[in-house]
Amino acid sequence: MTSGGSASDASTPKVRVRFAPSPTGYLHVGGARTALYNWLFARHENGVFILRIEDTDPERSTDESVAGILEAMRWLGLDWDEGPEVGGAFGPYRQAERLDLYREHARRLLDGGKAYYCVCTAEELEARRKAALAAGLSLKYDGRCRGRGSCPSAPPGGAVRLQMQGEGVVEIADLVHGPIRFEDAELDDFILLRSDGMPTYNFAVVVDDVLMRITHVIRGDDHISNTPRQIKLYEALGLPVPRFAHIPMIFGPDRSRLSKRHGAMGVMAYQQMGYLPEAMVNYLARLGWSHGDQEIFTQEELIGHFTLEKVGRTPAVFDPVKLEWLNGQYIKRAVPDRLAALLKPFWEASGMSREGLERRGDAWLQAVAGLFQERARTLSELASSSQFVFEGKIERDEAAVHKILTQEAKDRLRTLLQEIETLPSFTAAALESLFRTRAAALGLKLVDVAQPFRVALSGKTVSPPIFPMMELMGWNLVRRRVEEALKEDG
RNA sequence: GUCCCCAUCGUCUAGUCCGGCCCAGGACGCGGCCCUUUCAAGGCCGAAACACGGGUUCGAAUCCCGUUGGGGACGCCA
């Protein structure tokens with residue numbers, strides 16, 4: 001709430017939301033956006049944001065994935081407010097640590113006659129499903145174990161299924177889609193507890209959302225069809241149903257669900273490619289949500305403006321090009337000292353030694369960052385394009401050398417170099433005035449003397465303005481580069 | 001097959017709830033021009049969309065029905 005809001009007065013319970021990823025891989029952009037929307041909603045409403053790891057499938061869950069998800073959440077700045085304490089901070093909730101809770105609730109359902117044991121094997125079920133599909137029939141479970149009762153001791157256990165009543169309709173009052181209705185008859189007796197005692201997704205989610213007093217379930221709309229089942233579960237448990245907001249999915253360029261084949265979809269891959277977290281957050285926020293025509297938002301603005309009503313109903317295609325533009329905008333606005341700090345690993349990756357960077361000092365590195373930040377869209381692009389201002393060999397673009405470093409241009413380089421030597425101070429201002437006078441004396445435009453210098457210094461036809469650049473490089477490096485250039489075959 | 005969701009420029013979207021202000025606005029990308037020391041950045045200009053068909057209405061991008069297209073779900077995965 002902004003100011004004077006009433007979202008959390010005594011009569012309305014405080015908003016509590018959660019992001020509940022399964023640790024089966026890295027945090028991909030779709031998951032990141034779901035997390036972000038939950039987080040923004042919580043922060044906007046002054047509520048609580050919970051992170052819960054859905055690791056009830058030991059086959060697919062890994063600790064590396066958990067670590068990766070946490071790392072990505074932290075990178076994006078999505079902090080959570082509750083959880084078991086781990087070293088003075090909140091860790092995420094993990095469903096694998098809460099198994100007793102699910103079993104306890106299953107027991108209640110069993111005892112109340114709302115659930116029953118099913119002894120059909122996975123193979124039988126699969127075979128029946130296949131047959132039904134071939135025959136064009138419903139794929140629903142037929143409920144043949146219904147009469148078996150709820151006592152596991154009589155016949156040996158099996159899986160626990162929820163018994164559906166199946167007469168009316170379930171309606172989801174979805175906060176983004178509006179009302180969505182399902183016939184009870186569509187629902188089958190789904191499994192709550194597997195025969196190994198592990199809860200299934202639908203069951204664990206409901207138990208945890210109840211226990212964690214979740215008020216709003218904000219998740220991808222690929223979960224819409226799970227929702228009526230979950231509502232049935234709340235009803236069977238005799239517990240209040242939270243509000244739902246199903247946000248549209250993010251698609252790849254082919255308009256199908258985003259996946260590995262669409263390229264680097266892990267959020268941390270973008271960090272490695274030189275993206276700023278605020279650019280990613282801004283892009284993700286704006287993908288499926290809007291606030292008028294505004295494109296660039298500070299975190300405070302995002303929190304202040306974010307409402308579920310403004311979330312669109314249309315699936316969105318992930319556009320890396322626009323993300324890159326946004327990243328460029330953020331790089332351009334970043335303060336040089338932060339930029340320089342972020343840049344260090346990227347400079348190292350493009351060949352600079354750590355010691356070399358140390359030697360240069362932060363002030364100098366910041367000046368470099370400041371000089372290049374307006375013309376880079378990623379940190380790695382900035383790092384590699386600024387490589388030549390450091391000591392060391394550079395590669396020269398042959399075409400540029402051939403075109404710009406003509407015999408005539410070299411002659412000019414030579415005389416200019418001699419004149420620079422006589423300059424009282426090696427500063428951008430002094431250099432500029434020297435170059436301008438020389439150019440005028442020769443009846444040339446500044447570009448005609450600047451461009452050969454640019455190629456001599458950088459090996460390329462593209463660089464920041466050469467005078468501040470030369471000052472930064474220093475006279476020794478400038479002279480060395482020009483002398484090397486003079487030896488190049490034009 | 002059954003159920004569900006969605007439908008404005010290539011893409012993200014404003015406008016849709018409470019029809020007229022919309023021969024549809026912004027942004028990315030694209031093309032052009034300006035600025036300029038190259039490249040960016042910035043500024044200006046341009047091409048580019050209401051899926052289709054029926055209604056309702058004086059009037060529809062906006063409301064209703066249908067069609068088509070796309071997507072999702074139907075698991076002892078989440």
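Side chains are part of it too, since the values below use all heavy atoms of this structure and drop only hydrogens, waters and symmetry mates. Just so we're on the same page: letters track the sequence lines, and every chain starts at 1.
Using a 4.0 Å cut-off between charged nitrogen and carboxylate oxygen, Arg438(A) and Asp448(A) do not count as a salt-bridge pair. The pair Arg412(A)-Glu408(A) meets the salt-bridge criterion, with a side-chain N (NZ, NE, NH1 or NH2) lying under 4.0 Å from an Asp/Glu carboxylate O.
Side-chain contact, Asp208(A) with Tyr102(A): a donor N or O sits under 3.5 Å from an acceptor N or O. Of the N and O atoms on the side chains of Arg129(A) and Ser138(A), not one donor lies less than 3.5 Å from an acceptor on the other residue. At a cut-off of 3.5 Å, with distance as the only test, a side-chain donor of Asp254(A) or Ser256(A) sits close to an acceptor on the other residue. Counting only N and O atoms by type, the side chains of Ser463(A) and Arg454(A) include a donor and acceptor under 3.5 Å apart.
Looking at heavy-atom distances under 4.0 Å, Glu54(A) makes contact with sugar-phosphate atoms alone, never a base. Counting any heavy atom pair closer than 4.0 Å across all strands shown, Asn226(A) reaches a base atom. Note on Phe251(A): only backbone sugar-phosphate atoms sit closer than 4.0 angstrom, heavy atoms only; bases stay farther off. Residue Thr200(A) is in sugar-phosphate contact alone, with no base atom involved, counting any heavy-atom pair closer than 4.0 Å across all strands shown. As judged by a 4.0 angstrom heavy-atom cut-off over every strand, Ile180(A) is placed among residues touching the sugar-phosphate backbone only. The residue Leu287(A) sits close only to the backbone: its heavy atoms come under 4.0 Å of sugar-phosphate atoms, none of a base. In this structure, Thr461(A) reaches the bases: a heavy-atom distance under 4.0 Å links it to at least one base atom across the strands shown. The residue Gly288(A) sits close only to the backbone: its heavy atoms come under 4.0 Å of sugar-phosphate atoms, none of a base. Met198(A) comes within 4.0 angstrom of nothing in the nucleic acid, heavy atoms only. Among the protein residues, Glu123(A) comes within range of no part of the nucleic acid, since none of its heavy atoms lies under 4.0 Å from any strand. Nucleic acid contact for Glu295(A): base, since at least one base atom lies under 4.0 Å from a heavy atom of the residue. At a threshold of 4.0 angstrom between heavy atoms, the contacts of Thr24(A) with the nucleic acid are absent.
Side-chain nitrogen and oxygen atoms of His246(A) include none within less than 4.0 Å of the OP1 or OP2 phosphate oxygen of rC5(B). OP1 or OP2 of rA41(B) has not a single side-chain nitrogen or oxygen of Arg333(A) nearer than 4.0 Å. At rU11(B), one or more side-chain N or O atoms of Arg255(A) fall inside 4.0 Å of OP1 or OP2 (strictly under the cut-off).
In the set rG42(B), rA40(B), rC4(B), rG42(B) carries the atom at the smallest distance from any side-chain atom of Lys332(A). Checked against rA41(B), rC3(B), rA14(B), the side chain of Asp293(A) finds its nearest nucleotide in rA14(B).
A tilted orientation is assigned to the rings of Trp475(A) and Phe426(A), their planes being inclined by 30° to 60°.
For Ser225(A) against rC74(B), no side-chain N or O and base N or O form a donor-acceptor pair under 3.5 Å.
In this entry rC58(B) has rG20(B) as its Watson-Crick or G-U wobble partner, both defining distances falling under 3.5 Å. Pairing for rU67(B) goes to rA51(B), judged as Watson-Crick or G-U wobble with the two contacts each under 3.5 Å. Taking a pair to require two hydrogen-bonding distances under 3.5 Å in either a Watson-Crick or a G-U wobble arrangement, rC44(B) pairs with rG32(B). Pairing for rC3(B) goes to rG72(B), judged as Watson-Crick or G-U wobble with the two contacts each under 3.5 Å.
For the pair Arg33(A) and Tyr37(A), the cation sits on the ring face: its NZ or CZ lies under 6.0 Å from the ring centre, inside 45° of the axis. In this structure, Arg161(A) forms no cation-pi arrangement with Tyr117(A), as its terminal cationic atom is not both closer than 6.0 Å to the ring centre and no more than 45° off the ring axis.
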List every contact pair, protein side and nucleotides 33-37 of chain B side both N or O, where the distance is under 3.5 Å.
from: rU37(B); atom 1: OP1; to: Arg436(A); atom 2: NH2; distance (Å): 3.3
from: rU37(B); atom 1: O2; to: Arg454(A); atom 2: NH2; distance (Å): 2.5
from: rU37(B); atom 1: N3; to: Ile466(A); atom 2: N; distance (Å): 3.4

Identify each atom pair where a protein N or O and an N or O of nucleotides 15-18 of chain B are less than 3.5 Å apart, giving names and distance.
from: rG15(B); atom 1: OP1; to: Lys310(A); atom 2: NZ; distance (Å): 3.1

Checklist entry - Do Phe318(A) and His262(A) pass the ring-ring contact (aromatic ring centres under 6.0 Å, His included) test, and can you show the C-alpha distance, the side-chain angles, and the key distance before you say yes or no? => result CA-CA 10 Å; Phe318(A) 184 82; His262(A) 291 119; 9.7 Å; no
